[in-house]
Amino acid sequence: TRVRATTPFFAAPTTGTERPRYGLSSVGLSYPFAAAVAKGFSDAAHAAGAEAVVLDARGDVQKQANDIEDLMVQRVHGIALMPLDSVVAQTWVDRAARAGMPIAAVAAQVGDPRRRAIRNVYPGLSALATQDEVEAGRAAGRLAATLLPADRPAAIAIIEGAAGFPEVEQRARGFRQGLDESGARYAIVASQPGNWTSEKGEAACQNILTARPGIDLFFNEADDMLVGCARAVRAAQSPAKLIGVGGSKLAIASIKAGAAQGTVCFKPEALGALAFHALADARGGPPARRFLTYPLPAVTRATIDRCVGQW
Amino acid sequence: MVTPLLLAQGVAKTFPNGTIALHGVDLALRAGRVHGLLGANGAGKSTLVKILSGALPASGGTVTWRGASARWTGPARARAAGIATIYQHVPLVPTLSVLENILLDRGGWRRDRRDQRAEVAALLARVGHELDLDALVGDLPIGARQMVAIVQALASGADLIVMDEPTASLAGHERETVYRIVRMLAHAEQRAILFISHFLDEIVSLTDEVTVLRDGRVALNAETATLDEAAIAAAIAGRSVTALSRTADRWIGAPALVATGLSVPGRLGATDITVAAGEIVGIAGLLGSGRSELLHAIFGAHPVQTGNVQLHGQPVGPSPEEAVAAGIALVPEDRAAQGYIPQFEIWKNIGLPHVGAGSWLLDPAAERGAADAAIARLAIRTPDADTIVTDLSGGNAQKVVIAKWLGERTRLLLLDEPTAGIDIGARTDILQLIQSFADDGLPVLLVSSEFSELIAICDRILVMRDGRIVAERRAGDIDEQGLILLAGGTLPTVEQAA
Amino acid sequence: MTIWTKPASPTWRTGLGLRDAGVYYALLLLLIVLALVANAAGRPGYLSPANLGNILYQASLVGIMGVAMTVVLITGAFDLSVGSVAALAAAILVGLADGIGFVPAAGAALATAAAVGLLNGAIVNFLGINAFIVTLGTLTAVRGLVLVLTDGRSLMVENGDTLARMLAFESSRIPLFGALLVVAALLAVRACLAFIRARRVGPAIAALAVLLLALFLGRDFTVAPPVLYLAIVTTAAWFVLARTVTGRRLYAVGGNAEAARLSGIDVRAYKIGAFVVSGLAAGFAGVLFGCRLGAVNPTALQGSELTVIAAAILGGTSLFGGAGSVVKTVTGALILFTLTNGFNILNLGANYQGMIEGIVVIAAAAIYTVGGRGPRRAAGAAL
Amino acid sequence: MTIWTKPASPTWRTGLGLRDAGVYYALLLLLIVLALVANAAGRPGYLSPANLGNILYQASLVGIMGVAMTVVLITGAFDLSVGSVAALAAAILVGLADGIGFVPAAGAALATAAAVGLLNGAIVNFLGINAFIVTLGTLTAVRGLVLVLTDGRSLMVENGDTLARMLAFESSRIPLFGALLVVAALLAVRACLAFIRARRVGPAIAALAVLLLALFLGRDFTVAPPVLYLAIVTTAAWFVLARTVTGRRLYAVGGNAEAARLSGIDVRAYKIGAFVVSGLAAGFAGVLFGCRLGAVNPTALQGSELTVIAAAILGGTSLFGGAGSVVKTVTGALILFTLTNGFNILNLGANYQGMIEGIVVIAAAAIYTVGGRGPRRAAGAAL
Ligand SMILES: Nc1ncnc2c1ncn2[C@@H]1O[C@H](COP(=O)(O)OP(=O)(O)OP(=O)(O)O)[C@@H](O)[C@H]1O
Ligand SMILES: Nc1ncnc2c1ncn2[C@@H]1O[C@H](COP(=O)(O)OP(=O)(O)OP(=O)(O)O)[C@@H](O)[C@H]1O
Ligand SMILES: [Mg+2]
Ligand SMILES: [Mg+2]
């Protein structure tokens with residue numbers, strides 16, 4: 001007679017007839033975005049009668065490597081990988097592929113983003129479910145172009161994420177492309193890190209406004225920094241416009257309140273679900289489509305209802 | 001006469017804070033002789049020792065070693081040349097075992113050589129002292145640590161061994177061991193010894209030659225045989241020192257301290273003790289006999305202790321806070337570890353037990369005033385009350401620890417080796433001070449390994465052995481030898497050898 | 001009769017020497033260098049009142065936690081859990097504010113934070129476990145608690161009224177001109193006394209500095225409330241440490257716990273008290289953080305403990321207890337935030353910021369450790 | 001004759017007592033609890049050789065850095081920069097491997113890492129700046145250097161041959177059965193000697209444990225190379241610390257620097273040496289990290305310094321110097337990684353992991369601080 005654990009901590013206990021188990025290696029469940037991806041993944045698994053094993057890398061590549069190892073040892077039915085680092089993740093995918101373990105990437109691509117186009121899915125991956133970061137930047141850029149003064153070249157500041165993340169460069173690149181496509185006249189007069197957090201975003205905007213009081217627009221590479229930056233802009237009584245990326249609840253509230261002008265709407269829960277379904281299908285044979293994504297609308301106060309904050 | 005092994009000429013030292021510790025001192029040490037170095041607290045003895053052993057650079061003068069000029073660039077050089085030093089503030093590594101501390105200056109590459117262990121064990125056997133070689137030095141009481149330092153110097157095989165107050169925190173039995181070691185080294189092995197002490201009887205019986213320092217200058221240098229204790233004392237103090245004499249029939253009041261059933265598991269057997277107002281009760285005993293434990297238990301300083309303490313009829317709870325609030329004062333034996341706050345100035349250290357008695361606000365002016373008064377009263381040698389205690393000489397730091405408790409609120413004085421490391425002049429002053437406190441009606445409990453002190457000023461003497469009080473005598477009814485025998489020691493051999 | 005050759009007036013010298021005042025010089029030097037570089041780069045606004053106010057504002061949370069950390073370090077302990085505790089307080093505030101209103105929620109947050117401090121202190125002092133490992137444990141456990149409470153998502157205050165009160169608590173503007181004049185006047189009085197009694201000119205210089213600052217910043221200068229709170233917390237802590245019996249005992253406990261115990265001080269109570277103060281300060285920082293946005297995310301203030309400890313140590317606080325000054329800790333925090341502010345102003349590439357920051361931190365510490373060799377002064381004696 | 005109650009044969013007891021062996025018991029207890037829970041939850045594979053091998057593998061980098069950190073802590077210092085230094089070494093390895101080949105690149109990486117350690121040591125010991133602030137500075141500066149070198153992007157090795165050699169260095173499988181038997185035999189010899197000489201049964205138990213382990217893991221048990229490297233590094237460090245005069249001097253330098261100086265030990269050389277060792281170990285961990293992935297990201301190993309220090313302190317190393325054992329540090333690291341591995345195996349809700357981890361860490365430390373009151377043994381004397 002085996003004692004069954006009934007502790008509420010544990011995800012649904014397995015029964016004699018094993019439900020299929022799917023693993024998700026998350027970058028860190030204390031990041032709301034990643035937590036939402038995990039929620040989408042788990043919900044989809046539950047709906048399909050499967051069990052989701054969600055591991056938390058806590059922002060540490062080393063720990064993520066360990067997590068993937070642990071998942072492979074457990075012989076789950078498939079691994080969804082939310083890679084902390086696209087380049088580093090290649091080895092994991094190779095290893096999983098060699099072991100015949102279906103593996104899908106979610107929320108970030110696998111392979112050097114400088115060399116590999118996002119739609120060119122890394123060989124060995126069952127699927128890649130992600131938003132295109134450059135595309136997101138581009139959507140923000142196109143939105144920004146509509147907010148800039150028409151009569152003169154605009155001064156723009158970029159609030160970057162923490163140094164060392166590929167999104168930093170991708171979103172900025174896309175942003176410039178979007179502006180250029182729209183024919184905007186602008187100069188990027190400052191790009192400073194806001195380390196993805198609201199308090200650093202606020203500080204960076206405050207400081208930039210001191211040095212350049214005439215900034216017309218702040219592009220925040222993430223919504224947490226957007227809400228921080230909005231405070232700085234209001235405190236300095238600056239007319240600068242504010243744009244973010246992500247579509248977080250807080251940012252949506254800010255935009256509704258008129259404190260910020262717009263953001264690009266991400267749907268992390270959808271990504272999680274996409275990844276799960278791709279894995280579930282992978283057992284049936286090679287998938288028809290390996291690149292899975294969803295449209296990335298840039299929303300403003302007028303169109304904010306199209307974006308439901310998922311994180 | 002043979003050429004000196006070590007010759008110091010005009011050695012001078014000025015500290016960065018402006019203190020001039022040595023003004024130009026000459027010293028000659030010869031093989032096979034014990035050279036005594038004396039002086040009041042702060043006279044510069046330890047500073048000279050540190051210069052000779054390379055621990056401090058001199059600011060002037062020359063040192064010649066075996067006829068060649070020697071300017072040590074560090075302690076390693078002096079050690080390698082053959083000078084071993086026992087420093088006053090016993091520097092040992094608390095996290096290493098006794099054996100490893102003894103072997104600390106050894107080279108080679110194997111750490112756990114059995115021949116070295118055997119060598120140390122043989123050495124201990126030769127000098128007739130027992131030490132648990134595997135005990136952790138940090139767990140030892142100060143007396144045992146002092147012995148470790150002595151054995152360390154002994155094991156180094158050096159030609160000159162410098163001992164800075166080796167007996168200050170030792171009791172009778174261990175002192176005997178030290179004397180035996182010194183004689184063996186000097187007379188049997190023809191080494192040179194520089195021996196610093198404030199105990200004139202030791203100096204007279206042990207040394208061949210003495211140098212007395214006063215204010216950083218040599219005040220006296222002569223063959224010991226030509227001197228007596230009074231002459232040396234006069235040279236040290238710069239005045240004649242009156243010997244302590246027993247005041248017959250002092251007034252003694254009603255019982256003030258009544259402690260019953262005091263015990264600390266494994267360390268102090270159930271003990272009752274009573275001290276009357278105005279009474280000075282001495283406690284004699286050997287190293288580790290539990291004297292310090294008893295004082296700590298009265299002070300409530302043991303986390304696990306049982307028993308009751310009453311002071312003037314009022315029960316005192318078992319914690320230092322309550323003890324201090326009730327007016328109990330404890331001068332602990334290990335001044336560096338238990339007595340003062342090293343980062344504090346003199347005035348803050350002296351004020352520490354008293355601040356908070358009146359108001360929650362500090363009154364630095366009053367504290368400084370009290371400190372200045374204490375500095376004057378105990379003749380603490382210091383530029384001013386703002387000096388950090390660790391910049392003081394050993395004896396003066398001890399005086400600061402005593403000064404902490406000389407306030408008006410003190411209603412019971414517990415003194416654990418209060419005169420350790422204190423010079424002859426100041427010792428007399430302090431003992432007289434203690435007497436005057438008792439004359440004012442204060443009950444005093446005095447632990448001292450210097451039994452002559454006990455006999456001189458106590459009314460009653462308790463003898464402890466193995467954590468129990470084994471005997472009680474009126475001070476007038478017993479002499480030093482009797483006390484030593486009661487405490488379980490052997491009679492001193494000093495006089496016979498001299 | 002004495003042989004002591006005393007320097008003419010030692011307190012005069014040491015009070016302004018590199019060892020005692022080095023961290024202030026380091027901050028000044030940094031400000032001057034950044035101002036010059038900013039000027040050369042065509043960004044003249046660097047030394048503007050508004051920017052100085054910004055630096056103070058940005059440093060305020062770390063400063064508040066740093067003040068309490070200094071107290072903990074003075075007693076010879078260590079508190080790594082402050083970042084997590086602050087996040088917990090913020091989560092409790094934000095989570096409860098809608099239900100029970102701002103003030104009760106803030107009270108609950110502070111009480112919880114103080115309770116964590118008490119727990120830390122009790123474990124360290126009653127079980128005798130190393131403070132590093134205990135507070136590393138609570139750092140992890142409390143962050144875990146935040147995750148459980150927030151379920152990994154950002155929480156936000158929905159009720160508009162409550163939100164408005166929270167924002168007012170944190171984001172209104174407070175004019176400072178009058179207050180600065182008052183402070184200058186008070187300092188001037190103290191300076192006279194200090195000069196007459198002990199020939200110390202330190203206070204006089206402080207008074208003059210505040211006065212000049214007031215005049216420079218001008219009548220219209222305003223700051224955000226956290227700056228004021230930081231000033232109040234610092235002044236209170238300074239007063240307790242330097243002027244009260246409690247302060248003296250805190251230093252004694254850290255300087256030599258056994259000697260303090262045998263002087264009749266309840267060593268454990270003071271050590272535990274320091275942890276409670278640290279918890280409370282972290283809780284207050286968390287409340288301020290929660291009020292900023294009316295929201296909190298589970299990673300809030302992660303890693304801030306290292307910045308807080310760095311500020312304290314940059315301010316010359318000893319890791320081994322018995323020494324430290326809260327004013328210098330705040331100066332240490334200002335050095336760190338002046339630097340990032342300077343990077344932003346100069347628009348220095350993000351990749352280079354880390355390298356320069358590391359070097360400047362070491363250089364700042366070098367100014368007073370290397371420059372300050374010489375006679376020492378005792379713990380807590382300096383302003 | 002005495003009333004001091006001494007235990008009959010103290011070395012017998014203390015060698016296995018909670019104070020001396022507590023951390024091993026803590027690990028055992030944790031393993032047993034996790035195995036029971038895993039079994040109850042229907043995940044019987046927990047105690048499988050493969051999973052145990054995984055735990056060892058996962059703990060190896062932290063273990064290697066922890067061994068060196070223990071040396072630094074023993075000398076009374078502190079090194080926060082190890083995570084950054086490891087990342088720098090990895091970046092140099094990956095950056096250069098394509099150009100100059102694996103071995104020269106690894107050499108360059110190690111040399112750079114050792115140089116950073118030397119720099120740390122020199123600044124701490126010659127300028128006299130607090131090790132905490134210095135290594136916090138280099139933590140920041142070296143991470144900045146990594147960002148500059150990688151331009152904020154991930155680097156990877158392109159050349160297939162080089163990559164294969166790197167992978168072989170890190171990821172081949174090494175059979176361990178024979179080696180374990182040899183170790184057991186050696187330990188058995190030592191155990192006999194120890195028992196005869198000093199009636200110590202500790203080594204005998206160790207020998208038995210290794211033998212049982214070998215039998216349990218079976219003939220086919222293999223481990224990844226880092227586990228072997230960890231074993232070698234630990235054994236070497238243990239030997240130096242426990243069996244050589246260098247080790248005694250390291251303990252002396254940290255236990256009482258003044259006593260060490262007065263005994264003629266070149267205190268600075270040993271303190272600086274410890275930093276160099278720490279740099280080297282971090283560099284080696286970085287090389288393994290780089291080989292493991294054939295790539296490096298600029299944020300690699302960020303924050304690992306706290307885990308490393310936690311492992312050392314969990315293993316009973318003193319923050320104040322003079323005491324510590326590398327074997328216990330590795331055990332501390334194993335506790336930490338056993339825990340996260342257990343969470344993964346049990347699929348414990350991520351939100352609860354932090355809370356449980358924090359509590360377990362404190363509880364593990366409590367086992368030997370609370371349970372182990374009594375006579376202590378000298379530093380480095382225990383296995
Ligand atoms: N590190 C230091 N800095 C400043 N002054 C010092 C320092 N060490 C000692 N002194 C001063 O130098 C003088 C001589 O001190 P020293 O320790 O040599 O005296 P001593 O003769 O050994 O006294 P004691 O008998 O009390 O041990 C004293 O006035 C003391 O205050
Ligand atoms: N030589 C020694 N070696 C080891 N332990 C000792 C030694 N001397 C004393 N102890 C320990 O010290 C404790 C009791 O000593 P205590 O300090 O109370 O005695 P004391 O008579 O005051 O001796 P001391 O002269 O050292 O102060 C006991 O725990 C005993 O084990
Ligand atoms: Mg002396
Ligand atoms: Mg004693």
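Letters A, B, ... are given to chains in the order of the sequence lines, protein chains preceding strands, and every chain is numbered from 1.
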Participant: Got a second to check how far Thr210(A)'s OG1 is from Asn341(C)'s CG, nearest 0.5 Å?
Facilitator: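 So the OG1 of Thr210(A) and the CG of Asn341(C) are separated by 6.5 Å.
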Participant: Does the side chain of Thr197(A) pick up a donor-acceptor pair with the side chain of Asp224(A) at under 3.5 Å?
Facilitator: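 The criterion, which ignores hydrogens and geometry beyond distance, is not satisfied for Asp224(A) and Thr197(A).
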Participant: Find the distance between CZ (Phe218(A)) and CD1 (Ile208(A)) and round it off to the nearest 0.5 Å.
Facilitator: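 Rounded to the nearest 0.5 Å, the CZ-CD1 separation comes out at 5.5 Å.
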Participant: Could you tell me which non-hydrogen atom of Ala91(C) sits nearest to which non-hydrogen atom of Thr150(C), and how far apart they are?
Facilitator: CB-CG2, 4.2 Å
Participant: Does any heavy atom of chain A fall under 4.5 Å from the side chain of Ile55(C), the backbone, both, or neither of them?
Facilitator: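 Neither; nothing under 4.5 Å.
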Participant: For residues Gln192(A) and Asn207(A), is any side-chain donor paired with an opposing acceptor at under 3.5 Å?
Facilitator: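 Judged by distance alone, the side chains do not pair up.
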Participant: Under 4.5 Å heavy-atom distance to chain A, tell me which part of Glu158(C) shows up: side chain, backbone, both or neither.
Facilitator: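 For Glu158(C), there is no contact with chain A at all, as no heavy atom is under 4.5 Å.
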Participant: Quick one: do Arg153(C) and Glu269(A) make a salt bridge, cutoff under 4.0 Å?
Facilitator: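 Salt bridge: yes.
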Participant: What is the ring orientation for Phe219(A) with Phe175(A), classed by angle as parallel under 30°, tilted 30 to 60°, or perpendicular over 60°?
Facilitator: parallel
Participant: Flag the one option from Arg212(A), Glu160(A), Arg231(A), Lys200(A) with the top tally of heavy-atom pairs under 4.5 Å to chain C.
Facilitator: Arg231(A)
Participant: Measuring from atom CG of Asn54(C) to atom CZ of Phe337(C), what distance do you get when rounded to the nearest 0.5 angstrom?
Facilitator: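 Between atom CG of Asn54(C) and atom CZ of Phe337(C) there are 12.5 Å.
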Participant: Using the ring centroid of each side chain, check whether Phe221(C) and Phe177(C) are separated by less than 6.0 Å.
Facilitator: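 Judged by ring-centre distance (under 6.0 Å), Phe221(C) and Phe177(C) do not meet the cut-off.
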Participant: Report yes or no: does Asp223(A) contribute a side-chain atom to a donor-acceptor pair with the main-chain N or O of Leu226(A) at less than 3.5 Å?
Facilitator: no
Participant: Is it true that a side-chain atom of Glu133(A) and a backbone atom of Glu167(A) form a donor plus acceptor pair closer than 3.5 Å?
Facilitator: no
Participant: Side chain, backbone, both or neither: which part of Ser48(C) has an atom under 4.5 Å from a heavy atom of chain A?
Facilitator: side chain
Participant: Using a cut-off of under 4.5 Å for heavy-atom pairs, which of Thr340(C), Asn344(C), Asn51(C), Asp151(C) has the most such pairs with chain A?
Facilitator: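 Most pairs with chain A among the choices: Asn344(C).
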Participant: In terms of heavy-atom proximity below 4.5 Å to chain A, should Leu147(C) be classed as side chain, backbone, both, or neither?
Facilitator: side chain
Participant: For chain C, which residues from residues 32-44 of chain A have at least one heavy atom closer than 4.5 Å to it?
Facilitator: Pro32(A), Ala35(A), Lys39(A)
Participant: Any sub-3.5 Å donor-acceptor pair from Arg171(A)'s side-chain atoms to Gly137(A)'s backbone N or O?
Facilitator: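 No.
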Participant: Sort out for me which of Pro298(C), Ala300(C), Ser171(C) touches chain A most, counting heavy-atom pairs under 4.5 Å.
Facilitator: Pro298(C)
Participant: Using non-hydrogen atoms only, which part of Val189(A) is less than 4.5 Å away from chain C: side chain, backbone, both, or neither?
Facilitator: backbone
Participant: Quick one: does any side-chain atom of Asp67(A) pair with a main-chain N or O of Leu55(A) as donor and acceptor, under 3.5 Å?
Facilitator: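 A pair under 3.5 Å: no.
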Participant: Output the residues of residues 83-90 of chain C for which the shortest heavy-atom distance to chain A is under 4.5 Å, in residue-number order; output 'none' if no such residue exists.
Facilitator: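 Residues qualifying by a heavy atom under 4.5 Å from chain A are absent, so none.
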Participant: Are there residues of residues 283-294 of chain C whose heavy atoms fall under 4.5 Å of chain A's heavy atoms? If so, which?
Facilitator: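 Listed by number, the contacting residues are Phe289(C), Arg292(C), Leu293(C).
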Participant: Run the disulfide bond (SG atoms under 2.5 Å apart) test against Cys265(A) and tell me which residues pass, sequence neighbours left out.
Facilitator: Cys307(A)
Participant: Do you see a donor-acceptor pair shorter than 3.5 Å between the side chains of Glu199(A) and Gln58(C)?
Facilitator: no
Participant: At a heavy-atom separation under 4.5 Å, does Gln206(A) approach chain C through its side chain, its backbone, both, or neither?
Facilitator: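 When you check distances to chain C, atoms from both the backbone and side chain of Gln206(A) fall under 4.5 Å.
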Participant: Below 4.5 Å from any heavy atom of chain C, which atoms of Ala162(A) appear? Answer side chain, backbone, both or neither.
Facilitator: neither
Participant: Could you tell me if Glu357(C) and Tyr352(C) have a donor-acceptor pair between their side chains, going purely by distance under 3.5 Å?
Facilitator: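 No, Glu357(C) and Tyr352(C) have no side-chain donor paired with an acceptor closer than 3.5 Å.
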Participant: Salt bridge between Asp56(A) and Lys63(A), side-chain N to carboxylate O under 4.0 Å?
Facilitator: no
Participant: Do side-chain atoms of Ser198(A) reach the backbone of Gly228(A) as a donor and acceptor pair under 3.5 angstrom?
Facilitator: no
